[in-house]
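Proteins get letters first, then strands, A, B, ... in listed order; numbering begins at 1 in each.
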Protein chains: 2
Amino acid sequence: MKHVNYYLAASMKKLSRKQEIINVASKLFKEKGYSAVTMRDIAKSMGIKAASLYNHINSKQEILTYIIISLAEEFTQGMSSIKLSNKNSIEKLKQIVSLHINITINNTNGMASLNNDWMHLKDQKDYYLTLRVNYENSFRNIINKGIKKKEIINLNPDIMLFSILSTLRSLYLWIPKKEDLDPNELATSLSNVLLNGINR
Amino acid sequence: MKHVNYYLAASMKKLSRKQEIINVASKLFKEKGYSAVTMRDIAKSMGIKAASLYNHINSKQEILTYIIISLAEEFTQGMSSIKLSNKNSIEKLKQIVSLHINITINNTNGMASLNNDWMHLKDQKDYYLTLRVNYENSFRNIINKGIKKKEIINLNPDIMLFSILSTLRSLYLWIPKKEDLDPNELATSLSNVLLNGINR
DNA sequence: TTAACAAACTAACACTTGTTAGTTAACTCT
DNA sequence: AGAGTTAACTAACAAGTGTTAGTTTGTTAA
């Protein structure tokens, strides 16, 4: 008997086999990086042979591309609605913090590839880099406007951008260790630390 | 003629061939990660054949181990002298910021491996992880003492630790893009942002 | 019942990987 | 001049790489 009938609880939708592969691959990519994970590793984690993966996906590269591009587009979309919101710059920064937390909670493993394996993209690398640069520019714009309106201190905006973004991009390393933490509470606390510092 | 006599300016010390290999490897590891860099890549960058590398190093693994462990020990040593200094917690945090900036400026490429390739260590992985945990614990202790002495706001210390450390660990991505910036000025500005936030 | 499909399998290929063995040429020191 | 050392070379190997071709088997739709 080759096919197993998994019992599926009423609440869980059945994932396409392709999506299962992508999820398993994401987890392995997070642990060892794209280059160190072989198709045989992925297959073994699913209990099948490497060749069988090709009934569902076209290449290893396709898996990486899917993981990274869908996340990058999610960030782009999130940023574009933040730009449209009628809030001051501080509130917009808080929205950015929440955006990162929510996306990271939903796809912790994928965020590792986004951060560490984008250089292994082929066809879509330029597209990814464009999305990334645009995202950073939007972020910088919010900071610059905040400085002009005296909502944000008048310091080197690149240092502020780098500092905040580094923390947000590293969330994937940290969130899985703190499962008990509520996303909203985390957003509040983290915004507080990033915006107001820790000095008393 | 197989051997070239490089002209060495009086100011530059001649690096051992082994150290040259490690430097070249560090650069490649930063660009593509340890697993994606082959011995033939490293050799090509040096203008020699892969087999020739083995006159100077014992294995690819040895290169990675050297890069990571020497940096980790540098951090350990830096932290231990900060612990001994008679400063309040805010001043100690500023010293930690400077420690990261100085080490990163001196070995930007190596910092990439420290952050992203430590999981590919073999023999020395446990040792590395011990150093890392100890470092984080020392960092957390400084924050906790600061909270007790009311020098630091009374918020979740793990969030503060994570936030600051994420930024410091990402410096290697950012410092090479800002060559004009003076290390001391960067330390001052970054400490200011990390400790006092950006809110006006 | 049977045709079509989905998803697994075995076997194989061409290429790349880290590494070893043995050799050779140029410098250094006596 | 000769011995020793350093650092390059060529050639090769065994293991592992992503991927393809062709086949088999259970499930689904007509």
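Between B:R169 and B:E136 there is a salt bridge, since a side-chain N of the basic residue sits under 4.0 Å from a carboxylate O of the acidic one. Between B:K177 and A:D158 there is no salt bridge, since no side-chain N of the basic residue sits under 4.0 Å from a carboxylate O of the acidic one.
Residue-to-nucleotide contacts include no donor-acceptor pair under 3.5 Å from the side chain of A:R40 to the base of D:dG16. The base of C:dA8 lies close enough to the side chain of A:N55 for a donor and an acceptor atom to sit less than 3.5 Å apart.
Counting only heavy atoms from C-beta on, A:S59 has its side chain closest to D:dT19 among C:dG18, D:dT19, D:dT10. In this structure, of C:dG18, D:dT10, D:dG18, it is D:dG18 that holds the atom nearest to the side chain of A:Y54. Set against C:dT19, C:dA8, D:dT17, the side chain of A:R17 has C:dA8 as its closest nucleotide. With C:dG18, D:dC9, D:dT20 as the candidates, the nucleotide lying closest to the side chain of B:A51 is D:dC9.
Remark: B:H56 is in phosphate contact with D:dA8, judged by side-chain N or O atoms under 4.0 Å from OP1 or OP2. Contact annotation: B:K60 side-chain N/O to C:dG18 OP1/OP2 distance is under 4.0 Å.
Relative orientation of the A:W174 and B:F162 rings is parallel, given thresholds of 30° and 60° on the angle between their planes.
If you take NZ of B:K18 and C1' of D:dT6, they are 15 Å apart, rounded to a whole angstrom. In this structure, B:L64 atom CG and C:dT17 atom P are separated by 17 Å, rounded to whole Å. A straight line from NZ of A:K44 to P of C:dA8 spans 17 Å, rounded to a whole angstrom.
Evaluated for a side-chain contact (heavy atoms from CB on, under 4.5 Å) with B:I147, the options B:I152, B:I153, B:L155, B:I142 yield exactly one hit, B:I152.
Note on B:S52: a base of the nucleic acid sits closer than 4.0 angstrom, heavy atoms only.
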